[in-house]
Amino acid sequence: MGRKGGAASQKVQKKKKKLKQCLAAILELEPSERNKEKLIDMGLEDDELSNQMLLAATMFNKATRGDVRAAEFIRDLTGQQPVTSLDRARTKLMNAQAEQIKRQGDPSKEITKLDLLLKAMDAVAGDDSGTN
């Protein structure tokens with residue numbers, strides 16, 4: 001059973017990789033003439049025109065028209081996600097561990113307990129970025 005599950009998982013991963021490669025290729029292509037004109041009207045140069053730029057411009061236009069999901073997409077893609085309380089707790093833990101190691105050379109029991117608590121919170125809340 002485990003071997004069959006592993007084989008199925010590999011198949012899915014290959015399909016994902018192929019889809020990612022296809023999308024990357026499409027994003028590098030030049031947009032249609034109509035879409036090129038839209039990008040040029042926005043002030044972009046001919047050497048900057050690609051489907052990737054078209055996608056970015058489309059999301060930007062949606063965001064400026066009030067589409068909150070488009071604005072969130074842009075915010076997240078540009079690395080401007082708001083800091084969550086879980087992120088602040090992680091930072092606090094890392095700082096405490098660094099200080100403790102500096103002072104004693106080994107984390108204390110309290111830091112270990114805090115670390116376990118944060119791991120439990122991660123398991124319940126899931127990772128905010130979508131990766132583990």
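Atoms considered below: every heavy atom in the structure, side chains included; atoms not considered: hydrogens, waters and symmetry mates. Residue indices begin at 1 and follow the sequence shown.
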Going through the checks in order, is the side-chain contact (heavy atoms from CB on, under 4.5 Å) test met by Met59 and Asp67?
-> CA-CA 9 Å; Met59 292 306 287; Asp67 186 331; over 6 Å; no
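- The backbone N or O of Glu45 sits less than 3.5 Å from a side-chain atom of Glu48, completing a donor-acceptor pair.
- Atom CD of residue Glu28 and atom CE of residue Met53 lie 10.5 Å apart, to the nearest 0.5 angstrom.
- Atom CD1 of Ile26 sits about 12.0 Å away from atom CD of Gln21, to the nearest 0.5 Å.
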Stepwise, does the side-chain contact (heavy atoms from CB on, under 4.5 Å) test hold for Ile40 with Leu44?
-> CA-CA 5 Å; Ile40 290 170; Leu44 296 168; 5.9 Å; no
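- One finds the CG atom of Asn61 at 9.0 Å from the NZ atom of Lys38 (value rounded to the nearest 0.5 Å).
- Within 6.0 Å of the NZ atom in Lys36, the count of heavy atoms belonging to other residues, nucleotides or ligands exceeds 12.
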Please lay out, stage by stage, how Asn51 and Asn35 fare under the test side-chain contact (heavy atoms from CB on, under 4.5 Å).
-> CA-CA 9 Å; Asn51 282 331; Asn35 288 328; 5.8 Å; no
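- Within the model, atoms OG of Ser50 and CG of Leu27 stand 7.5 Å from one another, a figure rounded to the nearest 0.5 Å.
- The distance from the CE atom of Met42 to the CZ atom of Phe60 is 6.0 Å, given to the nearest 0.5 Å.
- Taken from CG in Leu54 to CG in Leu29, the straight-line distance is 11.5 Å, to the nearest 0.5 Å.
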